[in-house]
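Comments concern the structure below.
A note on names: the letters A, B, ... follow the listed sequences, proteins ahead of strands, and every chain is numbered from 1. As the structure is a computational prediction, the values presented were derived from the model and not from experiment.
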Amino acid sequence: MSKETLLEVEDLHTYFYLGDKVAKAVDGVDFNVHKGETVAIVGESGSGKSITSLSIMRLIPQPPGKIVSGSVKLEGRDLLALSDKEMTNVRGDDIAMIFQEPMTSLNPVYTVGEQIAEMLLRHKKVKTKKEGKAKAVELLQQVGFPRAEETVKEHPHQLSGGMRQRVMIAMAMSCDPKLLIADEPTTALDVTIQAQILELMQSVKEKYHSSILMITHDLGVVAEMADRILVMYGGQIVENTSKYKLFTDAKHPYTEGLLASMPTIEEDKERLESISGTVPPADNFPQGCRFAPRCQYAMEACTKEVPALREVEPGHYVRCILYDENQGGTAHDS
Amino acid sequence: MYKYILRRFLIFIPMLFIVTVVVFTMATLAPGDPLTGEVLDPTVDPEVVEQRREALGLNDPPPVQYMNWLSEISQGNLGDSLHYSGRTVEELIMSRAPNTVYLAAFSLFITIVIGVPLGMYSARKQYTPVDYTATVFGFFGLAVPNFFFALIAVYVFSFQLGLFPPQGTISQPGLTGIDAFLDRLHHLVMPGITLGLASTAIYMRYTRSEMLDVMGQDFIRTARAKGMGEQNVLYKHTLRNALIPLITLLGFEFGTLLSGAVVTEAVFSFPGLGQLFLTGIQNQDFPLIMGINLIIAVTVLVGNLLADIMYAVVDPRIRYD
Ligand SMILES: Nc1ncnc2c1ncn2[C@@H]1O[C@H](COP(=O)(O)OP(=O)(O)O)[C@@H](O)[C@H]1O
Ligand code: SF4
Ligand SMILES: [Mg+2]
């Protein structure tokens, strides 16, 4: 795998302004995605994963949302500095996205073929509607529709959730994007279908040599797909490491909790049994470490200021004062 | 789709039948009968009245009367008018219907070309002065009774400014071609706006809220994620979906227009079906009242049928049911 950087997200802040409250949905996020790499963002619901990905696409509903500061560079070009018009050229062509809800993510009044062809035409991959339809058939065949000639003429409501997600994948890959963002693409699907969709994503990724940014709250999906994992909590990344390190040597107490709550084969553990409490609301984060109220290692120093995301070993970043030499905390063994 | 349309047609037939029963029953249950006026008239011999009752079939039991009436109307005979002696009801209706059709078409046109775009614009510019202005107009259109609006309009635009004629459908007979058309149009402006005011407001509010609703849907986000431009998202992806519920409204529109025409035509002395209907009521002209009622009811039914068919055309989810 090459180590060439595709996407660089730096100090990204995306806030929602609701009356006199400010929800800091994304509050200082940094990470890179390399070419050909699959990066997963994990974390409980409400931790800012979707807003991070929508910020990259510049699809934040505004108002009430706003990307307040930071940069999102795709091959060195800052997407946040582009005009709205220029950004539409990036969407779909350079970065494609699929969403959690296959049932509602396709337009009910247009055929599957029309919706794929429209995108091909938009990014000048084909010259005519007819060419677009033909390409759509080809794309649908690739994602596993045996009778793709008929499927292009069908409307979304005629397809099951899993099939619609296949259509979304075909559409996302239609312009050969450099980066595919998938926001919980399997969460709404049956378990058996989930596995098929993940397998399909893996195979299209290899075929198109694209990178994937995969958002999930399912560590099983991570184990299956990811090269690198970003653990998010309270609008920030609290741990960033390789898949191997995550499952063998997780450092952040929150990551430990997530891993401990993963269902194992022997026993079906309760979800997040080892982390009590809930994610703090984005408009009212606790002072200092945002995980402190739920952390079993929390100490007074934790509530002073937000710990920095530090590189504790090459390529392994942790946001916790236990790993912060200057704070004099003692690293616990995990 | 054809199956769906066929099914709609099959429902249409019994509905039509029920409508005739309702129209007939309403006329039968209404107090008095066509000869009531003459019964109260001391100069008329009660014996003669009774004979005429018998001759008109008014003494037959209601079911028999209904069957007779049904067989007449199925042949296109709506009966003879009692008030306009010597003229049949169908003749009277045919002479007045075109004016009402022009009036209704004009106000429907206003409703659609003003209400829908204004609603779209308002949705796009949500919470801006334009949106607030449109909202105020919407409440005004709904709150002001149309006879009141008509009186103000006549006072301002006819008597004060002299821009539009206060009554009638043409200024002089004998005009031809484009002059005749423009003359008619000139006479239609004020009654047309009066009749269409409330509907325009409703369409505007409805379009606005439907557009906003659709804009928040997941598939709109998908369209944006595909790189579609703002115009495409708005006109192709949003509008087509927002129009679906508006079609229901359009189905009701026929009834709204015809009932609204009664008041509007009265205020503008506009010789249409509405005015004919009022005359019929004032003179207890039962065949005429029943005839117009029937025409209105059938028009409403046809309106609903058309709306159902249009539904199938724009919404594929209905087509394949
Ligand atoms: N449309 C919105 N309006 C207001 N606040 C929002 C909106 N979307 C997200 N947020 C805020 O951002 C936080 C993170 O949301 P999100 O990124 O969707 O979380 P997740 O990690 O579950 O994907 C939410 O808890 C909420 O406070
Ligand atoms: S900084 Fe303190 S509270 Fe936060 S995770 Fe580390 S130990 Fe726990
Ligand atoms: Mg989410």
Side-chain angles (χ1 to χ4, degrees), chain A residues 50 53-54 56-61 63 84-112 114-125 153-158 164 167-168 171-172 174-175 177 180-183 188, chain B residues 1-4 120 122-129 131-132 207 210-248 307-321:
Chain A
S50 296
S53 62
L54 290 172
I56 295 168
M57 290 291 271
R58 283 184 44 190
L59 286 176
I60 297 295
D84 288 347
K85 187 101 202 303
E86 287 168 324
M87 191 61 206
T88 64
N89 292 328
V90 173
R91 287 187 206 121
D93 200 3
D94 295 321
I95 310 177
M97 186 157 180
I98 59 179
F99 300 96
Q100 178 171 347
E101 277 302 331
M103 301 312 272
T104 51
S105 290
L106 289 164
N107 194 324
V109 302
Y110 295 109
T111 65
V112 165
E114 283 168 338
Q115 297 188 54
I116 298 175
E118 166 187 67
M119 182 166 168
L120 290 164
L121 274 168
R122 165 68 184 85
H123 295 295
K124 304 194 169 63
K125 306 296 171 191
K153 292 183 213 135
E154 287 177 342
H155 286 90
H157 73 276
Q158 293 168 278
R164 288 185 213 187
V167 171
M168 286 297 288
M171 195 150 79
S174 66
C175 298
L180 172 64
I181 300 178
D183 188 353
Chain B
M1 168 135 102
Y2 298 111
K3 240 166 87 185
Y4 167 83
M120 284 176 65
S122 203
R124 234 175 75 199
K125 307 268 167 187
Q126 197 189 4
Y127 307 136
T128 62
D131 182 31
Y132 290 127
T207 305
E210 285 304 325
M211 289 290 287
L212 288 174
D213 188 48
V214 176
M215 279 181 200
Q217 305 268 327
D218 288 350
F219 60 81
I220 295 300
R221 189 181 55 190
T222 305
R224 292 214 163 90
K226 281 158 74 173
M228 306 319 292
E230 221 26 58
Q231 298 295 311
N232 180 293
V233 168
L234 197 67
Y235 294 106
K236 189 169 173 197
H237 289 275
T238 311
L239 187 59
R240 174 89 183 264
N241 281 282
L243 285 180
I244 295 170
L246 284 172
I247 291 172
T248 315
D308 281 345
I309 292 171
M310 271 162 73
Y311 249 142
V313 174
V314 295
D315 190 348
R317 282 162 297 190
I318 290 180
R319 239 180 273 170
Y320 296 96
D321 263 356

Applying a strict 4.5 Å limit to non-hydrogen atoms, the region of A:Met103 in contact with chain B is neither
Do A:Asn107 and B:Asn241 have side chains that approach each other closer than 4.5 Å (heavy atoms only, starting at C-beta)? yes
Whatever's closer than 4.5 Å to a heavy atom in chain B on A:Gln100 counts as neither
CZ (B:Arg221) and CE (A:Met57) are apart, to the nearest 0.5 Å, by 10.0 Å
Okay, A:Leu54 and chain B: the region with an atom under 4.5 Å from a heavy atom over there is side chain
Looking only at B:Gly229, B:Gly227, B:Gly216, the option with the highest number of non-hydrogen pairs under 4.5 Å against chain A is B:Gly227
All heavy atoms of B:Ala225 vs all of A:Met97, minimum pair found to be CB-CB, 4.3 Å
- Message: What I'd like to find out is whether the side chain of A:Asp84 reaches to under 4.5 Å of the side chain of B:Glu230, using heavy atoms alone.
- Response: no
If one checks every heavy atom of A:Leu59 against chain B at 4.5 Å, the contacting part turns out to be side chain
State, with a plain yes or no, whether a side-chain heavy atom of B:Lys236 is found less than 4.5 Å away from one of A:Glu114. no
Closest heavy-atom pair, B:Arg224 versus A:Arg91, reported as atoms and distance to 0.1 Å, is O-CD, 3.1 Å
**Item:** Flag, side chain of B:Lys226 to backbone of A:Gln115, donor-acceptor distance under 3.5 Å
**Value:** yes
Whatever's closer than 4.5 Å to a heavy atom in chain B on A:Met171 counts as side chain
So, the part of B:Ile244 with a heavy atom under 4.5 Å from chain A: the answer is side chain
Minimal heavy-atom distance between B:Pro316 and A:Pro108, with the atoms involved, is CG-O, 3.1 Å
NE2 of A:His123 to CE of B:Met228, rounded to nearest 0.5 Å, is 7.5 Å
Taking B:Thr222 for its side chain and A:Ser105 for its backbone only, find out whether a donor-acceptor pair lies under 3.5 Å. yes
Less than 4.5 Å apart, any side-chain heavy atom of B:Arg240 and any of A:Tyr110?
yes
